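Written out below as structure tokens is the structure these notes cover.
Fair warning: this is a prediction, and the values are worked out from it, not measured in the lab.
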Amino acid sequence: TVQGTGDSSFVGNVGIGTTSAVSTGYSGTSKGLEVNNGNAPFLSINNTADVKYDLISDSAGKFVIWDDTSSDSRLVIDNLGNVGIGTDSPTSYLSASDNLVVKQASGGGGITVVTDTSSEGALYFADGTNGGEQYRGGIAYNHSLDKLFLVSGGESKVTIESGGNVGIGTTSPVTKLMLEHYNDGAV
């Protein structure tokens with residue numbers, strides 16, 4: 001038992017809510033700290049600006065990073081390994097695209113991007129961190145324009161409008177299929 005204020009140090013494992021701290025964790029490594037508190041044990045982290053986060057293992061088997069300042073979950077990993085950022089129920093979305101990890105041992109896998117109706121959601125493929133390297137390829141959907149863009153070589157190459165018009169080489173197709181040559185504006 002530690003009482004009072006100031007620094008404390010421990011050698012070995014520390015158990016909170018348990019009479020015997022388990023000495024091994026992931027891959028047999030030393031745990032160092034074990035928190036056990038019934039259905040939803042948590043560890044609270046608070047900084048000097050009074051921003052407080054909790055690391056929670058809830059009764060449904062989810063690991064949650066909870067923002068006490070805004071009373072919202074910031075990251076959730078459910079018992080199936082699905083990751084939610086900004087949602088505590090990643091499986092509420094399309095089942096073929098509800099995990100953030102793209103590698104899946106079996107079955108479908110994917111990512112769902114949710115944005116408001118005046119914004120753009122995107123998935124980009126990068127090969128670096130500078131300029132166009134950040135978006136060499138990708139898929140973007142602009143909600144306010146109702147257009148889907150396919151990006152290649154760092155530029156939008158294909159545009160699909162909500163009415164079904166497809167543009168290759170143009171972002172404003174006026175026919176069902178419009179091809180535009182970059183040098184003279186026509187095919």
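Judged by distance alone, the side chain of T159 and the main-chain N or O of K147 form no donor-acceptor pair under 3.5 Å. Within the 3.5 Å criterion, the main-chain N or O of S172 finds a donor-acceptor partner in the side chain of T170. Of the possible donor and acceptor atoms, one in the side chain of D78 sits under 3.5 Å from a partner among the backbone N and O of N82. One N or O on the side chain of D58 and one on the backbone of A60 form a donor-acceptor pair closer than 3.5 Å.
I168 and F149 are assigned to two separate hydrophobic clusters, defined by single-linkage of ILVMFWY side chains at heavy-atom distances under 4.5 Å. Transitive grouping of hydrophobic side chains (ILVMFWY, heavy atoms separated by less than 4.5 Å) brings L179 and V166 into a common cluster. The same ILVMFWY cluster, assembled from side-chain heavy atoms under 4.5 Å apart, contains both V83 and F63. Residues L145 and I160 do not share a hydrophobic cluster, defined by chaining ILVMFWY side chains whose heavy atoms lie under 4.5 Å apart.
Side-chain contact between K176 and N165 is present, with at least one heavy-atom pair separated by less than 4.5 Å. No side-chain heavy atom of S73 sits under 4.5 Å from any side-chain heavy atom of L75. Contact annotation: the side chain of S156 approaches that of V151 to within less than 4.5 Å [non-hydrogen atoms, C-beta and beyond]. With contacts defined as side-chain heavy-atom distances shorter than 4.5 Å, the pair L148/I139 qualifies. Here the side chains of H143 and S118 are not in contact, with every heavy-atom distance at 4.5 Å or above.
Distance check, rounded to the nearest 0.5 Å: CD of E155 to OH of Y135 gives 8.5 Å. Separating the CD atom in Q134 from the CG atom in D127 is a distance of 10.5 Å, to the nearest 0.5 Å. Within the model, atoms OG of S152 and CZ of R136 stand 8.0 Å from one another, a figure rounded to the nearest 0.5 Å.
Salt bridge status for D67 with R74: present, with a side-chain N to carboxylate O gap under 4.0 Å.
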Next on the checklist: side-chain contact (heavy atoms from CB on, under 4.5 Å), that's the test. Do Y53 and T69 meet it? Break it down for me.
Outcome noted: CA-CA 8 Å; Y53 289 95; T69 307; over 6 Å; no
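Closest approach of E161 and T171 over heavy atoms only: OE2-O, 4.4 Å. Across all non-hydrogen atoms, the minimal contact from A122 to A140 is CB-CB, 3.8 Å. Closest approach of T129 and E133 over heavy atoms only: N-OE1, 3.4 Å.
S119 pairs in a side-chain hydrogen bond (donor to acceptor under 3.5 Å, both in side chains) with only one of the listed residues (T115, T117, D116), which is D116.
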